[in-house]
Amino acid sequence: MQATLQKIIHVDMDCFYAAIEIRDNPSLAGKPVAVGGLSPRSVLCTCNYEARKYGVHSAMPTTKAYRLCPDLIVLPVEMAKYKAASQRIQQIFHEFTDLVEPLSLDEAYLDVTDSPHFNGSATLIAKAIQARIFAVENLTASAGVAPNKFLAKIASAWQKPNGLFVIRPHEIAEFIKVLPVEKLHGVGRVTAQKLHALGFKTCADLQTQSLIKLTNRFGKLGQTLYEQCHGVDHRIVNPHRERKSVSVENTFNYDLKNPAEHEQAIIELHQKLAYRLQTINEVRPIKNQFVKIKFNDFTTVSAETKSGESNLDSYQKLFLEAYTKIRKPIRLLGLGVSFSKALLTNDFQQQELFVN
Ligand SMILES: [Mg+2]
């Protein structure tokens, strides 16, 4: 398989929101700190490494986090502050290339294939970006350098925090062989379980399968799995990517069977979506809200309504509308919003405001 080689850097801020809070209040250093909702049913956005030692992680219900770590300091979300820091960090990226694709406030892909900086050394550019971010923001970032997007993203997580990991073209084959399948783009917890059950633990295991076998078994994902297990990813860094929708979903360990469980799940997903929406910093207005339900017999239903916001009551109504059609135990629940199309000219104006 022929791979298109690019020089991609994936930069990911370390525990971004928590790191900003600790930077601004040094007495928090060394203590377990999280940022998130404080109400009984809300979830955490981010936590630092001290908190992670207790098993606390992002998207965990705050009450559960307190049970695991009673000394946890949970701070309220100060989104305006995080957005301001994010914009300054984006400007640093643009000092090195205009091909920047932000994934959220704290993460971006950069294509430096044709960058004139450091004689085109992506590794030195990544180091310089980390140093600039630290000098300007007093925050650490981890960076991954690789010939494509999915490997760059894996690389940035390889030596977190404050890490730099490089996968050179000639190292891909060795690196990929031992890579666990759950690290692949598009493989969530449930797909990972399915792959494990079939005996596919690493990319080397997947490499034994033909493209046809994988697409027969996994549909569209089969093609992605086939390419990725050979170290290939043709996606380009797209600075003008338009997001059509944002959604969150949960596949439950046990099927949900009663209204109280349904309600709790909807509330938690609504919170999670609220944080996602703040994080992605989308400028276009919301057009629709939708709900997706997958029952234990794998029947899937959905419902959608026109809406200018992500409203909890509307999700509950949509849920009932969809649920009533089948009324079986629920395996998966998803909530989301879609955005109205902004005029292209507006997009460019936004882009320019952002860069300058
Ligand atoms: Mg991060």
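Ligands are counted one by one from 1 in listed order, and the atoms in each one are counted from 1 as well. Excluded from the calculations below are hydrogen atoms, water molecules and symmetry mates; all remaining heavy atoms, backbone and side chain alike, are included.
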Legend entry - Other ILVMFWY residues reachable from Phe298 by side-chain steps of under 4.5 Å: none

Legend entry - Residues clustering with Leu44 (ILVMFWY side chains joined when closer than 4.5 Å, directly or via others): Leu38, Tyr54, Val56, Met60, Tyr66, Leu68, Leu72, Val74

Inset, instruction - Work out how many protein N, O or S atoms lie closer to the Mg ion (ligand 1) than 2.8 Å. - result: 3

Inset, instruction - Check the pair Lys53, Glu50 against salt bridge (charged side-chain N to carboxylate O under 4.0 Å, His left out), reporting the backbone distance first and the verdict last. - result: CA-CA 6 Å; Lys53 282 182 205 152; Glu50 280 79 0; 5.1 Å; no

Inset, instruction - Would you list the pairs meeting ring pair (Phe, Tyr, Trp, His ring centres under 6.0 Å) in which at least one residue belongs to residues 16-52, sequence neighbours left out? - result: Tyr17-Tyr82

Legend entry - Pi-cation contact, Phe295 with Lys328 (under 6.0 Å, within 45°): no

Inset, instruction - Under the side-chain hydrogen bond (donor to acceptor under 3.5 Å, both in side chains) rule, what do Asp14 and Thr140 come out as? Steps first, then yes or no, please. - result: CA-CA 6 Å; Asp14 301 321; Thr140 62; 2.7 Å; yes

